[in-house]
Amino acid sequence: MPADFYEEEDFQGQFKGNVFKRILDLMRPHWPWVLGFLICVIIVSILDAYFTYLSKQIVDRGIVNKDINALQQILVNYGILILVQAAAVFGFVFLVGVLGERVRYDLRQSLFNHLQRLSLSYFSRTPVGWIMSRVTNDTERVAELVTWGVLDSTWGVINILTSVIFMLVIDWRLALIVIAILPFLFYVAVQFRKRILEQFRNVRKINSKITASYNENISGVRVVKALGREDENLREFGEQTSAMRKAGYRAAWLSALFLPSVQIISAVGLGGIIWYSGATVGSGTFSIGSLQAFITYMTSMLWPIQDVARVFAEMQRALASAERIFSLVDTTPEILDKPGAFDPGTIRGEIQFEHMYFWYEDELPVIKDLNLTIQHGETIALVGSTGGGKTTIVNLLCRFYEPKRGRILIGGHDYTDLSLQAIQSRIGVVLQTPHLFSGTIRENIAYGRLKASQQDIEAAAKLVGADHFIQRFEHGYDEQVGEGGVLLSVGQKQLISLARAVLSNPEIFIMDEATSSVDTLTESMIQKGMEAIMQDRTSIIIAHRLSTIKTAHRILVIEDGQIAEMGNHAELLKLKGKYYNLYTRQFRFEREDAYNIFKENNQANLSAG
Ligand code: M5T
Ligand code: MG
C-alpha cells in the first residue's frame, strides 16, 4: 500500500495528556528561536492594533481639529513604527522557517535512528507504507503545528486581545458588545473549519483508493482482460468516483458558506455599534474617529478569529500525528544488548544450537528442538522443501531474532551475552534477493566498510570474479546501479553482494542462494566467488546449487523445523531418503549432473544390494 493510504488513518478523539508535553519538549532545545519569534509576533500584532488607534487620532486630532503639528507628529510616529513592524515581520517569518526546519530535522533524525535500531520482527509486522507515512506526512504535520500553528494562533490571540483592549480604552460599553459576540463567532468558525477539514480528509481518502484502483487495473490489465472483468471493474470504479464527487461537493458547499456566515455575524455586531454610536454621537461622547476605529477593529478581527479557528480545528489531526510518531519512537527493539553485554574480540569457534525452539507468533513452533554443533571452518549446506525453516535458522544465527527456548552458543558463550555489534559486524550475509542501494558499484561494495581503499574494493571484486564485468561498464566502478540495483542483472547483483561480503572479511559467512537461474558462465563465477569466501570460514549456505551442496562438509535436510537428515552428499544419497528425493526432483543440475546421479545411484544400488 502506498504511504498516502495510511495518511488519513482514523484516530480516536482522546489524547493522552503527555502528547502536548512531548510536543513542547520538541521545541525546548530551540527555545531562543521560539522566544525570538514570539517577541516578533507580539510586536507585529500590538503595532497592528496601535495603527488603527493612530488613524483614529489622525481623524480626531489632525483632520477634525485641523491641527497640522499633531498630524505631522502622528505621521512621523507612524513612519518609524512601520519600519519597526517590517523588521519584526521579517524576523518572525525567518525564525519560523528556521524553527520548522530544526524541528523537522530532529524528528527525522530521531525516527531514522530509531528505525535502524528496531528489530526485524517490527518490520515484518508493520507495513512499509505505514512507517513511510509516519516519517513523511506526520513529521510534516507536527512541524507545521509547532511553527505556523503556533505563529498563527499567537498572532491571532494577541491581535484579538490588543484590539479588545484598545476598544475598551476608546469606549468600554461598545467594547462589551463586541466581546459578547466574539465567542459565538469563534464557535461558528471552528465548527465550519472542522467540517470542511473532515470533508477534505474524506476526499483524500477516496482519492487514494481511486489511485490504487487505477494502479491495479493498469498493472493487472492482462488478467482483467483475460477474465472479462471490465464491466464489473468499471462499476466498482464508478462507485468510488461518485463518492468522491459527493464529498467534493460537500466540501465546496461548506467552504462557500463559511465566510458569508462569519461576515453576517460580525455585521450584526457592526450594526449594534453603529446603532449605539448613532445614539451617542450627538451627545459628543463618541467621536467619528472612534466609530471608524471600532469598525476597523471589528472587521480586522475576523481574520485572526479565522486563523485561530483553523489552527484549533487542525490541531486534532496534528496531535494524532504526534501521537503516532511518539508511538513509533516508543516501540522498544525486541532484541537489545543485555546489560554487561561484551565483545569477545572474535566469534571464530564452535557454534552450538542447544534445544532451540522458535516461533514468529502464536507459539506455533517453526523450529523445534534443534540441536547442532558447527565446527569452526566448516561449510554447512541447508536444504529442504519450502517453509521448512532454513531462512529462520539463519535469521536466528544472525540474531535478527532470538531463540524462544534453548540457546545458541558462539565460541562457548551464550550469544545473548555478547553485544549485537560483536556478532553482526562479524557475520557476512548474502541474501537470496541481493539488495543493492542506489549509488555506484563502488559504494555498494564498500557498504559495510566505508574506509576501504580502491585496491581493497577491486581485490574483493576480483576474488569473486566480478571484476571483469564491472570493467566493461562505461564508468567501471563508478557506474550507477539504479534504485535497488535495477540496472544490473540478478547474477551481477549477486556477484556484487559477494564482493561486499568478501570486503567486510566476515568470520561467519551466510548465504541464501538465489533460486532464480543465471546463465552457466555467471553461475560458475558465483560458485568460484563463494568458494573464495568459504575458505577458512564457517559458512552456512541455504543451497540450491548442486555444486555448492557437493562441496559442503555437511548437508542438513531441514523439514518442519527439524533436522531430518544429516551427512555428506554421498552418505545421504545412499540413504535414499528425503535428500535423495529432493536431489532427484528439485535441484537444478545440468545434463552431466543428471548422468552422474544416474551413475551414483546405480553404484549405491550395487553396493547396497
Ligand atoms: C518457516 C514462517 C513461514 C514458514 C516458517 C522468514 C519468516 C518465516 N515465517 C514467518 O512467519 N515470518 C518470517 O519472517 O516460518 O519459514 P522459512 O524459515 O522462511 O522457511 P524456508 O527458508 O525453509 O523456506 P524457503 O521457501 O525459503 O525454502 O511457515 O511462513
Ligand atoms: Mg528461505
Side-chain angles (χ1 to χ4, degrees), residues 115-131 331 333-335 351 353 355-372 374 379-406 408 420 424 427-435 490 493-494 497-498 501 508-518 526 530 539-549 552 554-566 572 577-589:
L115 282 171
Q116 300 217 54
R117 286 178 55 235
L118 282 178
S119 309
L120 219 55
S121 53
Y122 180 79
F123 295 97
S124 45
R125 269 200 316 270
T126 319
V128 183
W130 189 89
I131 300 176
T331 329
E334 278 155 49
I335 295 166
I351 302 170
F353 295 83
H355 300 288
M356 185 178 77
Y357 285 80
F358 182 78
W359 51 88
Y360 288 98
E361 46 214 281
D362 303 338
E363 307 221 358
L364 215 88
V366 174
I367 302 295
K368 296 164 205 153
D369 196 21
L370 186 84
N371 289 289
L372 173 70
I374 303 172
T379 299
I380 301 282
L382 300 181
V383 300
S385 48
T386 180
K390 303 180 292 294
T391 303
T392 306
I393 292 175
V394 161
N395 281 344
L396 284 159
L397 181 58
C398 296
R399 211 169 149 197
F400 295 149
Y401 299 89
E402 286 172 357
K404 300 282 182 186
R405 269 199 263 155
I408 297 178
L420 280 165
Q424 289 171 348
I427 295 185
V429 187
V430 176
L431 299 173
Q432 190 160 25
T433 38
H435 190 89
V490 179
K493 281 195 266 190
Q494 286 243 314
S497 327
L498 281 171
I508 297 176
F509 173 66
I510 292 175
M511 176 155 178
D512 204 340
E513 280 188 342
T515 31
S516 59
S517 50
V518 292
I526 294 176
M530 284 173 62
S539 311
I540 295 162
I541 317 289
I542 299 178
H544 300 284
R545 295 187 180 89
L546 189 62
S547 43
T548 317
I549 296 166
R554 259 194 296 171
I555 301 162
L556 267 53
V557 182
I558 307 295
E559 291 269 287
D560 206 13
Q562 284 169 321
I563 302 174
E565 284 172 13
M566 181 159 75
L572 289 184
K578 298 201 156 81
Y579 179 75
Y580 176 85
N581 279 333
L582 273 174
Y583 179 67
T584 47
R585 287 205 213 121
Q586 230 173 313
F587 295 141
R588 279 185 290 112
F589 45 79

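Excluded from the calculations below are hydrogen atoms, water molecules and symmetry mates; all remaining heavy atoms, backbone and side chain alike, are included. All values derive from a computational prediction rather than experimental measurement. All ligand and atom numbering here is 1-based and tracks the order in the structure.
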* Val366 and ligand 1 - part of the residue with a heavy-atom distance under 4.0 Å -> side chain
* Side chains of Leu498 and Phe509: closer than 4.5 Å at any heavy-atom pair? -> yes
* To the nearest 0.1 Å, how far is atom 4 (C) of ligand 1 from its closest protein heavy atom, and which atom is that? -> Gly387 O, 4.0 Å
* To do: Taking atom types as modelled, find out whether Thr392 and Tyr360 have a side-chain donor-acceptor pair closer than 3.5 angstrom.
  => yes
* Mind checking whether Ile563 and Ile558 have side chains closer than 4.5 Å, heavy atoms only? -> yes
* To do: Mark yes or no for whether Glu565, through its side chain, and Lys578, through its backbone, hold a donor-acceptor pair below 3.5 Å.
  => yes
* Whether Gly384 lies under 4.0 Å from ligand 1, heavy atom -> no
* Side chains of Leu431 and Ser497: closer than 4.5 Å at any heavy-atom pair? -> no
* Do the non-hydrogen side-chain atoms of Phe123 and Leu115 ever get within less than 4.5 Å of each other? -> yes
* To do: Could you tell me the residue and atom name of the protein heavy atom closest to atom 9 (N) of ligand 1, and the distance to it rounded to 0.1 Å?
  => Tyr360 CE1, 3.2 Å
* Give the residue, atom name and distance (to 0.1 Å) of the protein heavy atom nearest atom 26 (O) of ligand 1. => Thr386 OG1, 2.5 Å
* To do: Among all protein heavy atoms, pick the one closest to atom 20 (O) of ligand 1 and tell me residue, atom and distance.
  => Gly389 N, 3.2 Å
* To do: Would you check if the Mg ion (ligand 2) lies under 2.8 Å from any N, O or S atom of Thr386?
  => no
* Protein heavy atom at shortest distance from atom 19 (O) of ligand 1 -> Thr391 CB, 3.5 Å
* Donor-acceptor pair, Gln424 side chain versus Cys398 backbone, under 3.5 Å? -> yes
* Asked: Should you measure from each heavy atom of Lys390, which atoms of ligand 1 turn up under 4.0 Å away?
  -> 18 (O), 20 (O), 21 (P), 22 (O), 23 (O), 24 (O), 25 (P), 28 (O)
* To do: Indicate yes or no: at least one non-hydrogen side-chain atom of Arg554 is less than 4.5 angstrom from one of Met566.
  => yes
* Number the atoms of ligand 1 from 1 as they appear, then name those within less than 4.0 Å of a heavy atom of Thr392, with their elements. => 1 (C), 16 (O), 17 (P), 18 (O)
* To do: Find all atoms of ligand 1 within a distance of less than 4.0 Å from any non-hydrogen atom belonging to Gly388, and give their numbers and elements.
  => 20 (O), 21 (P), 23 (O)
* Would you say atom 15 (O) of ligand 1 touches the protein, meaning some protein heavy atom is under 4.0 Å from it? -> yes
